[in-house]
Protein chains: 2
Amino acid sequence: MFRRYLKAQSLRYTAERADILAAVMETDGLFDADSLLMEMRGQNSSDVSKATVYRTLRLLQDAGIIMPFMLLDAKVTHYQLAYGRRPSDYIVCMQTGRFEPIDCDEVVRLRNRLAEERGWQAVGHRFVVYGVSPEAASDASLESPAQ
Amino acid sequence: MFRRYLKAQSLRYTAERADILAAVMETDGLFDADSLLMEMRGQNSSDVSKATVYRTLRLLQDAGIIMPFMLLDAKVTHYQLAYGRRPSDYIVCMQTGRFEPIDCDEVVRLRNRLAEERGWQAVGHRFVVYGVSPEAASDASLESPAQ
DNA sequence: GTCGGTGCAAATGCTTTGCATTGAT
DNA sequence: ATCAATGCAAAGCATTTGCACCGAC
């Protein structure tokens with residue numbers, strides 16, 4: 001799929017790109033350029049430079065294989081695989097930062113309907129619920145928010 | 001509200017913070033540090049430094065008055081007011097980058113239910129639908145995405 | 001043999017921070 | 001008077017880019 005995309009664009013399928021693709025395919029959930037690189041180095045793959053990781057992540061995004069996923073207050077760009085039954089939805093604790101995936105068909109149906117109503121064609125979506133996790137709620141070390 | 005928050009934290013309510021708060025309250029939709037600063041300079045407000053804008057935006061976020069909103073591929077942090085009937089939902093064109101707000105009660109109901117089911121307390125949410133806008137769909141200058 | 005890819009290091013650009021001065025309380 | 005806030009300029013840091021060499025086609 002990536003190979004096909006590259007060929008269509010007259011781009012080359014190199015060992016580095018193959019390694020990065022393999023590492024990406026093994027991810028489960030969110031990842032970023034740096035965590036991916038560490039993962040690759042921890043394993044075995046030929047040592048790929050950071051610049052190439054960034055360049056290849058961009059290609060993978062253009063190819064529709066991964067999609068960026070912006071987390072609240074994140075300083076780095078997170079990605080996840082764009083296809084298959086990957087969670088597009090998360091619930092994030094505003095106090096601890098802990099997050100967990102949500103798997104919910106209704107969100108997909110809703111997004112399709114909303115797009116259709118406007119004459120758009122839905123391709124994907126991101127749904128992030130911000131809230132207070134059970135652990136945080138029982139921790140009284142924070143005063144109540146201003147709202 | 002901001003003032004109350006500052007007092008509670010033994011922080012000071014300064015002219016700069018008042019100006020920034022005022023500018024923030026006038027925003028409609030998304031803004032970022034730089035656009036806010038330009039807006040303020042275009043108007044009249046005392047000339048506030050960029051550093052102070054960043055510092056104050058952080059405080060406003062801590063106070064629960066604004067919330068960050070990460071857009072796909074954005075290089076800067078976007079914010080919007082955290083309360084009131086502000087759109088938390090957008091539909092973004094993956095080809096042109098154009099986006100428009102969605103206003104939909106069902107999303108709020110859905111997020112509340114999802115949080116509740118997990119023992120969380122929902123505070124806010126972000127819902128972004130990625131798709132193809134009508135203009136882009138009729139423009140054949142882009143090949144179809146790999147997915 | 002072409003022309004795109006890679007690694008390195010330097011550059012970019014948003015955001016943060018150190019420090020001396022200013023100002024709210 | 002205190003002690004935090006501001007402005008400036010200098011960091012920081014993720015990401016991008018220029019360039020010389022390398023390698024897929």
Side-chain angles (χ1 to χ4, degrees), chain A residues 2-24 30-41 45-63 65-80, chain B residues 2-24 30-41 45-63 65-80:
Chain A
F2 188 33
R3 202 160 184 164
R4 191 187 317 155
Y5 173 81
L6 291 173
K7 182 162 289 182
Q9 307 289 321
S10 306
L11 301 178
R12 291 163 188 173
Y13 188 69
T14 64
E16 289 84 353
R17 288 177 180 171
D19 283 350
I20 293 169
L21 175 61
V24 164
L30 299 173
F31 64 91
D32 59 71
D34 208 60
S35 68
L36 193 70
L37 194 53
M38 306 245 268
E39 191 62 36
M40 292 179 69
R41 290 193 171 145
S45 324
S46 58
D47 205 358
V48 178
S49 76
K50 189 168 284 193
T52 296
V53 170
Y54 278 108
R55 284 189 275 234
T56 304
L57 288 179
R58 170 107 55 97
L59 285 176
L60 287 167
Q61 183 183 340
D62 293 345
I65 294 171
I66 62 176
M67 283 186 82
F69 197 119
M70 300 302 188
L71 281 180
L72 195 64
D73 270 343
K75 298 175 193 310
V76 300
T77 302
H78 288 87
Y79 297 90
Q80 71 175 18
Chain B
F2 188 33
R3 203 161 182 162
R4 191 186 318 155
Y5 172 81
L6 291 173
K7 182 162 289 181
Q9 307 288 321
S10 306
L11 301 179
R12 290 163 190 175
Y13 189 69
T14 64
E16 289 85 354
R17 288 178 180 171
D19 283 350
I20 293 169
L21 175 61
V24 164
L30 299 174
F31 64 91
D32 59 70
D34 208 60
S35 68
L36 193 70
L37 193 54
M38 306 244 269
E39 192 61 36
M40 292 179 69
R41 289 191 173 147
S45 325
S46 58
D47 205 357
V48 179
S49 75
K50 190 168 284 194
T52 296
V53 170
Y54 278 108
R55 284 189 275 235
T56 304
L57 287 179
R58 169 108 55 97
L59 285 175
L60 287 167
Q61 183 183 340
D62 292 344
I65 294 170
I66 62 177
M67 282 186 81
F69 197 118
M70 300 303 188
L71 279 179
L72 195 64
D73 272 341
K75 297 176 195 308
V76 300
T77 301
H78 289 87
Y79 296 91
Q80 71 175 19

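Each chain gets a letter, A, B and so on, in the order its sequence line appears, and its residues count up from 1.
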Item to check | Approximate separation, where rounding is to 0.5 Å, of B:L59 CG and B:Y54 OH | outcome: 15.0 Å
Next on the checklist: Within the structure provided, determine whether B:L37 and B:K50 are in side-chain contact (heavy-atom separation under 4.5 Å).
Outcome noted: yes
Checklist outcome for this item: Comparing B:A51 with B:Y13, nearest DNA chain C nucleotide closer to 5' gives the residue B:A51
Item to check | D:dT16 phosphate, OP1 or OP2, under 4.0 Å from A:R58 side-chain N/O | outcome: yes
Next on the checklist: With a 4.0 Å cutoff (strictly under), does any side-chain N or O of A:T14 reach OP1 or OP2 of D:dG23?
Outcome noted: no
Checklist entry - Once you round it to whole Å, what is the distance between P of D:dG12 and CG of A:D34? => result 18 Å
Checklist entry - Which whole-number value in Å describes the distance from A:L36 CG to D:dA14 C1'? => result 15 Å
Item to check | Out of C:dT15, D:dG7, D:dA14, whichever nucleotide has its closest atom nearest the side chain of B:T52 | outcome: D:dG7
Item to check | Nearest-0.5 Å distance, OG1 of residue A:T56 to CG of residue A:D62 | outcome: 11.0 Å
Next on the checklist: Judged by each residue's nearest nucleotide on DNA chain C, which is more toward the 5′ side, B:K75 or B:R3?
Outcome noted: B:K75
Checklist entry - When all nucleic acid strands are considered with a 4.0 Å heavy-atom cut-off, which category describes A:R55: base, sugar-phosphate, or nothing? => result base
Checklist entry - What's the CG-P distance between A:L59 and C:dG5, to the nearest Å? => result 8 Å
Checklist entry - Could you state the CG-C1' distance from A:L37 to D:dT16, rounded to the nearest angstrom? => result 16 Å
Next on the checklist: Without decimals, in angstroms, what is the distance between B:R17 CZ and C:dG23 C1'?
Outcome noted: 12 Å
Next on the checklist: Can you work out whether A:A33 or B:S10 has the more 5'-proximal nearest nucleotide on DNA chain D?
Outcome noted: B:S10
Item to check | A:E16 CD to C:dG4 P, straight-line distance once rounded to whole Å | outcome: 17 Å
Item to check | Passing option when B:R41 is tested against B:D34, B:D47, B:D19 for salt bridge (Lys or Arg N to Asp or Glu O under 4.0 Å) | outcome: B:D47
Checklist entry - Considering only side-chain heavy atoms of A:R12, which listed nucleotide, C:dC8, D:dT15, D:dC25, is closest? => result D:dC25
Next on the checklist: If I take atom NZ in residue B:K7 and atom P in nucleotide C:dT25, what distance separates them, rounded to the nearest angstrom?
Outcome noted: 8 Å
Item to check | Distance, rounded to the nearest Å, where B:L57 contributes CG and C:dC14 contributes C1' | outcome: 13 Å
Item to check | Contact nearer the 5' end of DNA chain D, comparing A:K50 with B:L6 | outcome: B:L6
Checklist entry - Nearest 0.5 Å, what's the CG-NE2 distance between A:D32 and A:H78? => result 4.5 Å
Checklist entry - Where the side chain of B:Y54 is concerned, which of D:dT15, C:dT16, C:dA24 is the nearest nucleotide? => result C:dT16
